[in-house]
Amino acid sequence: MEIDQARSEFEALARHIGTLASTLAAKAERAPASITDDMRMGSGPAMGGGSLLGKRPAAAEADPSKAPAEHLLHLILQDCSSCHSKFRQKVL
């Protein structure tokens, strides 16, 4: 799909990635030298209910600053995958 055909969706994904990346960068600045348990995702349900294999629901998401750093990274990867699957130019 061409970006211009779904500009608002493309820009929303870009803004969301920016928000997540800024939040992750802020956490990295305050991070100790080693990984702590509160940085890990844990075994509970994913913030926003999405998965790396599926689309995230359109419902309002929880505050990313409260998510573990590892989960933020997964959410960024999920957004990258969503955007690339929809907007990446196909090689013929």
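- In this structure, the side-chain contact (heavy atoms from CB on, under 4.5 Å) partners of Thr36, at least two apart in sequence or on a different chain, are Pro32, Asp38, Met39.
- Evaluation of the side chain to side chain donor-acceptor pair (under 3.5 Å) rule for Arg30 yields no partner, not counting sequence neighbours.
- Rounding to the nearest 0.5 Å places NZ of Lys86 at 13.0 Å from CD of Glu2.
- Residues passing the side-chain contact (heavy atoms from CB on, under 4.5 Å) test with Ala6, sequence neighbours excluded: Met1, Glu9, Phe87.
- Annotation for Pro64 and Leu72: closest pair O-CD2, 3.6 Å, computed over non-hydrogen atoms.
- Remark: Arg7 CZ is packed, more than 12 non-hydrogen atoms of other residues, nucleotides or ligands lying under 6.0 Å away.
- Within the model, atoms CD1 of Ile76 and CD1 of Ile17 stand 7.5 Å from one another, a figure rounded to the nearest 0.5 Å.
- The distance from atom SG of Cys80 to atom CG of Leu75, rounded to the nearest 0.5 Å, is 11.0 Å.
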Distance-only donor-acceptor pairs under 3.5 Å for side chains of residues 19-27, two or more places apart:
unit_1	atom_1	unit_2	atom_2	d
Thr19	OG1	Arg15	O	3.1
Ser22	OG	Gly18	O	3.0
Thr23	OG1	Thr19	O	2.8
Lys27	NZ	Ser65	O	3.0
Lys27	NZ	Ala67	O	2.8

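- Rounding to the nearest 0.5 Å gives a distance of 10.0 Å between OG of Ser82 and NE2 of His16.
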